[in-house]
Each structure stands twice: as C-alpha cells, then as structure tokens.
Amino acid sequence: MAAIQTEGMTKIYGPVHALDGLTLTVEPGTVFGFLGPNGAGKTTTIRLLTGMAKPTRGRAWVAGEEITDSGKVAARIGYLPEEPAFYRWMTPIDLLDHVGRLFGLSSQERRSRTKELLELAGLSQVGKRRIGGFSRGMRQRLGLAQALVNRPEVLFLDEPVSALDPGGRKEILEMIGHLRGQSTVFMSTHILQDVERVCDTIGIIDHGKLVVEAPQADLLDRYTVPAFELECEEGSEAAFDALLKALCGLEWVASAVADSPGGTVARVVVKDLEIARRELPAQVVQQAAAYGVILRRYQIVTPSLEDIFLRLVNEANDHSQEVAE
Amino acid sequence: MSFYASLRKEVLELVRTHRLLIMAIVLIVWGLTSPLLAKLLPELLRLVPEGEQVMSLIPPPTISDAIVQYQKNLSLFGLLLAFLLTMGAVAQEKERGTAVLMLVKPLPRPVFVLTKFVALALAFLACMVVAGVGGYYYTMLLFGAPDLSAWVVLTVMLWLYMLVYVAVTLLASTIAKSQAAAAGIGVGGIVILGALASVPGLGKFLPGQLIAWGMALFTDPAASAWPALAVSLGLIAACLIAAWLVLDRQEL
C-alpha cells in the first residue's frame with residue numbers, strides 16, 4: 001500500500017489551475033522531495049492531502065485513508081506548515097502536551113513523548129519558556145516536534161527550511177534524515193541542495209502538473225551526460241591540445257575540445273558511456289605520458305539536480321507553449 | 001476526548017492571556033459597586049456646585065435603584081466584554097495560522113468552535129456568580145435584603161444575555177478572515193438585534209426581554225418571558241451551528 005496516492009487531483013481557484021490532474025505515488029518509508037518553483041502547486045498539494053482544502057476533482061489517499069475522511073487521516077499524519085504559528089502564551093511543554101491530548105495519549109505517554117521530542121528538537125533547556133520569544137529556527141524545530149507527537153505514518157513538511165540560516169537548515173535536515181524508515185516524509189521545497197541532501201525520491205511539479213517522479217539515483221542516471229572532464233597543469237597547454245586530438249581519433253569518442261583555445265580544461269564527449277568508462281582512463285594516462293602532459297583532474301561529468309530540474313521545467317514550459325499554439 | 005483537550009486549552013488561554021482577569025475585574029467591580037454607587041450618588045451630587053438644588057429634585061435612593069444600577073452596568077459591560085473577548089476567537093487563529101496547526105490534528109471543527117463558546121460561557125458564569133454574590137451582599141448591607149430568588153434569576157438572565165452576544169460575535173469571528181472584519185460583522189449583528197428590539201411587538205421575543213423578566217420578578221413573582229428565553233437559546237444554538245457549518249466549508 002502506497003503511503004500517498006493521488007489520482008487526477010485538481011484544484012481550481014477561479015481561472016487559476018493551482019493543481020492540474022496530479023497523479024502521484026509515494027512509497028512508504030521514503031523521504032519524498034516535492035520540488036518546484038514558487039507557485040508550482042506544492043503548498044496546494046499539501047493543503048489538499050492534509051484536509052485543509054478540498055480538491056475540485058480527483059481522489060487521494062494518505063496512509064490508506066481517503067482524504068475525504070479527514071478525521072481518520074488526521075490521526076495518522078503530522079504536518080509542519082511553512083511558517084508554523086503557535087499560541088504565544090504556551091511553552092513548548094504546554095504545546096506538546098496539548099497536541100498529545102488531541103491525539104488521545106495517556107498522561108504518561110505525553111510526559112515521555114514531550115521529553116523525547118524536546119531533546120530531539122534541542123529545546124530541552126527552553127521547555128518552560130514562552131514560545132512568544134522564540135527565534136525562527138527554534139519555532140521551526142518546535143514545529144517539527146509537534147508534528148511528530150503521534151509518531152505519524154506520513155509527515156508533511158511544507159518548505160521546512162527555506163527561511164532558515166545555514167545552521168538552522170542543517171539542523172532541521174538532519175532531523176528529517178533521521179526519520180527515514182520511521183515515517184514517510186513528504187517534503188516540499190524549491191531548494192535543490194536540500195532535496196539532494198535528504199530525499200531518496202523526487203517529484204518535480206510545475207504549473208500544477210507533475211513533470212517527473214523517480215528515485216533520485218534513477219533521475220541522476222537517466223539524465224547523465226555522456227562526458228568526461230580533463231584538466232592539466234598550466235604550462236602544458238600545447239601538449240594537452242595534442243592529447244585531445246589523439247583522443248578524438250578513438251572511434252567511441254565524439255569530441256574532445258578545450259573549454260577555450262589553449263585552455264587547461266577540456267570536455268570529452270563519448271558515443272558509448274560504458275566503453276568510455278572502461279577504456280578512457282587507460283587511454284588518457286597513455287596519451288598523457290606520450291605527450292608529457294601533467295594531468296590535474298579526470299572526472300565523469302555528473303549532472304546536478306539543478307541541471308535536471310531546469311531542463312525538465314523548461315521542457316515542460318516549451319511543451320505547454322506548443323500545446324497552446 | 002478532543003473536546004476536553006480543546007476546552008482545557010481554551011480555559012488556559014483565558015487565564016494565561018489575562019482575559020479572565022480582565023473579565024473578572026470588570027464584572028465583579030461593577031457587581032460590587034453598583035449598589036454602592038446607587039447609595040453614594042446623592043452624596044456625590046452634593047459635592048458638585050449647586051448640587052443641593054439638584055438633590056432636592058432627586059428622591060432618596062432605594063433598593064430599586066441598587067437593582068437597576070446592577071442590571072444596567074452588568075448588561076452594558078457584559079455586552080462589551082462578550083464582543084471584545086470573542087471577536088478574535090476564531091478570526092485571529094485563522095489570521096495567525098494557529099487554526100491550521102490545530103485543525104490538521106484530530107480536532108473536529110465543530111469541537112473547535114464549541115469549546116471556545118463553552119470556555120467563555122464558563123468564564124462569564126464564574127465572574128457573574130462572584131459579581132452576583134458581591135452585589136447582593138452590598139445591596140443587603142446598604143438597603144436591606146432584596147428578593148434572593150429574583151436576584152438569582154436576574155443574574156442568570158444577565159449571563160444568558162451575554163451568551164447571546166458571545167454566540168453572535170463567535171459566528172462573526174468564524175465568517176471573517178481577520179479580526180477587524182470580525183469586529184465589523186459582530187457590530188453589525190449587535191446593531192441588527194438592537195434595531196429589531198425597537199420594532200413594536202417584536203421586543204418581547206428578543207434577548208433584551210430576559211433582563212426585563214429578571215427585573216420584573218422583584219415586583220411580580222409570576223412575571224415571565226418564556227418566548228424571549230426560547231428565542232435567546234435558539235439564537236445561541238443557531239449561531240453555533242452556523243459557525244460550525246461556515247468553518248467546515250472554509251479552506252484554511
């Protein structure tokens with residue numbers, strides 16, 4: 001059973017299709033990164049899945065419960081909004097205790113869970129301080145703690161780190177990483193580095209439509225560029241040029257060109273990546289020795305998630321424009 | 001389960017944000033001082049220049065003056081408190097985002113609204129009990145003992161009268177997206193109720209008649225205003241149900 005499943009989920013606000021037929025499956029125990037530019041439909045998706053809004057069309061299930069049964073869904077999920085708001089008069093202990101009561105935990109369970117979550121969030125020292133005076137980072141960590149009170153099967157995090165400083169981001173991402181295997185985490189964000197750091201599966205959304213959904217490793221493999229980068233020490237540019245020409249003579253090499261004329265960095269594009277992976281290192285070492293080139297770097301070009309994201313979003317936009325025309 | 005958890009939070013909020021304290025101070029002070037004011041008003045007027053001449057026109061204060069003062073002050077300040085303490089109850093939570101954080105948990109929306117009403121009703125009840133006891137004691141001390149059962153009924157009617165305005169304002173707070181809008185809608189509701197009361201023949205069915213009933217009991221123990229009571233309770237129930245239905249359809 002999928003942790004989250006949607007079928008043609010659509011949300012229309014007047015003339016705006018905030019979400020356009022979203023069909024998505026999130027496997028249990030994964031950290032799912034829901035990636036998209038601002039206004040793509042990420043928050044709308046979370047609002048629909050958590051029962052805060054109703055879809056115009058389509059169906060969805062969270063932890064096996066259809067979202068129309070919001071009571072059953074609520075008991076099995078946790079939710080951290082982008083900017084969590086708390087009762088300023090409460091202390092973290094008050095808040096976690098109150099949330100525990102809403103989930104029907106016994107007083108002993110509430111006490112132990114509160115202690116455990118305050119430690120996890122690094123808020124044990126300020127457990128009795130009023131939340132009103134908390135910094136943004138502290139509120140975010142408390143927000144994550146309150147979302148975990150019921151040990152949720154599915155945890156929704158809406159841009160959990162986008163407004164935090166690097167230190168705060170690292171802390172929250174580490175907390176999320178620790179949840180892998182315990183809960184299914186559905187994390188929306190527009191920060192690619194965060195997704196690369198903690199998510200094992202990625203969905204990219206743009207203009208309310210799902211562009212791609214795949215495990216991160218598959219996505220990186222799927223969009224791998226068949227190329228290698230070579231860099232030589234300064235002073236051996238002429239010999240480096242000769243080496244590149246020699247590599248061009250190999251039948252499985254498409255091109256081997258320096259980034260700039262007489263430059264020290266070159267890109268070797270190959271016709272067959274598997275052959276190149278096996279043969280190229282030996283060829284490079286052999287030719288470098290023959291021409292007297294001192295090599296500094298040899299590297300397979302791996303696309304960043306950012307490259308893939310931009311490529312897919314641009315492709316989706318081009319396709320939309322073609323359809324419109 | 002969630003009802004008691006939510007009610008506990010609402011009561012705690014009234015205490016920790018000092019709203020209960022403000023309510024208690026206003027209602028208890030007016031409950032205690034109303035008979036005192038009735039007694040001292042002539043003495044105070046005497047201190048004003050030419051006050052002696054005015055004094056000759058005013059009859060000596062009686063127990064009725066104390067009861068009227070008690071009723072007028074508590075109904076006016078009770079209404080003000082009901083409005084001011086309720087207008088942000090739901091609207092502020094929606095505006096700040098705390099409603100989303102709570103309603104995504106197993107807290108049904110009707111319970112969310114109902115517990116706000118019940119907490120305010122309990123707070124008003126506690127304050128009115130103290131104000132009623134204090135007011136009765138001072139009236140007894142200064143003018144002699146008023147009819148106890150009539151005093152109790154008057155205090156209960158004042159409490160119910162306040163609850164009508166709590167319910168009306170709570171509905172306004174649920175409809176509105178902000179506190180300011182809630183205040184506007186709430187004032188509109190209160191003005192409409194006031195305007196309806198001035199329509200000939202209609203007033204006897206409206207909440208204001210509850211207070212008139214309580215007052216009439218001091219002179220006529222058989223007096224009653226059952227239709228007004230039924231309408232007031234119906235209005236409270238209708239406002240709460242409407243608030244639930246409105247909130248249930250709202251997207252947060």
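Source: prediction; values computed, not measured. The sequence lines fix the lettering, A, B, ..., with proteins before strands; numbering per chain opens at 1.
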Whether over 12 other heavy atoms sit under 6.0 Å from [X] [atom1]:
X       : atom1 : result
R136(A) : CZ    : yes
E251(B) : CD    : yes
Y4(B)   : OH    : no
W213(B) : CH2   : yes

Could you pull out the closest heavy-atom pair between [X] and [Y], with the gap in Å?
X      : Y       : result
R96(B) : A85(A)  : O-CB, 2.9 Å
A75(A) : P106(B) : CA-CG, 3.9 Å
L95(A) : M102(B) : CD1-CE, 4.2 Å

Per-residue contact mode, [X] against chain B (heavy atom under 4.5 angstrom):
X       : answer
Q146(A) : both
L48(A)  : neither
N150(A) : neither
I77(A)  : side chain
K54(A)  : both

Exercise for the section: Decide side-chain contact (heavy atoms from CB on, under 4.5 Å) for R16(B) and D94(A); before the verdict, give the C-alpha distance in whole Å, the side-chain angles of both, and the deciding distance to 0.1 Å. Expected result: CA-CA 12 Å; R16(B) 299 256 189 101; D94(A) 289 336; 2.7 Å; yes
Practice task
Identify which part of T17(B) has an atom lying under 4.5 Å from any heavy atom of chain A, answering side chain, backbone, both or neither.
Solution key: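 Side chain of T17(B) only, per the 4.5 Å heavy-atom cut-off to chain A.
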Fill in the blank from the handout: Bottom line for E13(B): the part with an atom under 4.5 Å from chain A's heavy atoms is both
Handout entry: Beyond-backbone contact of Y87(A) with E93(B), side-chain heavy atoms, under 4.5 angstrom
Key =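 SC-SC contact between Y87(A) and E93(B) confirmed.
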Problem - pair D97(A)-R8(B): side-chain heavy atoms closer than 4.5 Å - result: yes
Exercise for the section: Take K105(B) and Y79(A), measure what side-chain contact (heavy atoms from CB on, under 4.5 Å) needs, and give me the verdict at the end. Expected result: CA-CA 9 Å; K105(B) 298 183 165 47; Y79(A) 171 50; 5.8 Å; no
Practice task
Would you check if the side chain of R47(A) reaches a backbone N or O of L252(B) as a donor-acceptor pair within less than 3.5 Å?
Solution key: yes
Practice task
Calculate, to the nearest 0.5 Å, the distance between atoms CZ and OG belonging to R101(A) and S6(B) respectively.
Solution key: 12.0 Å
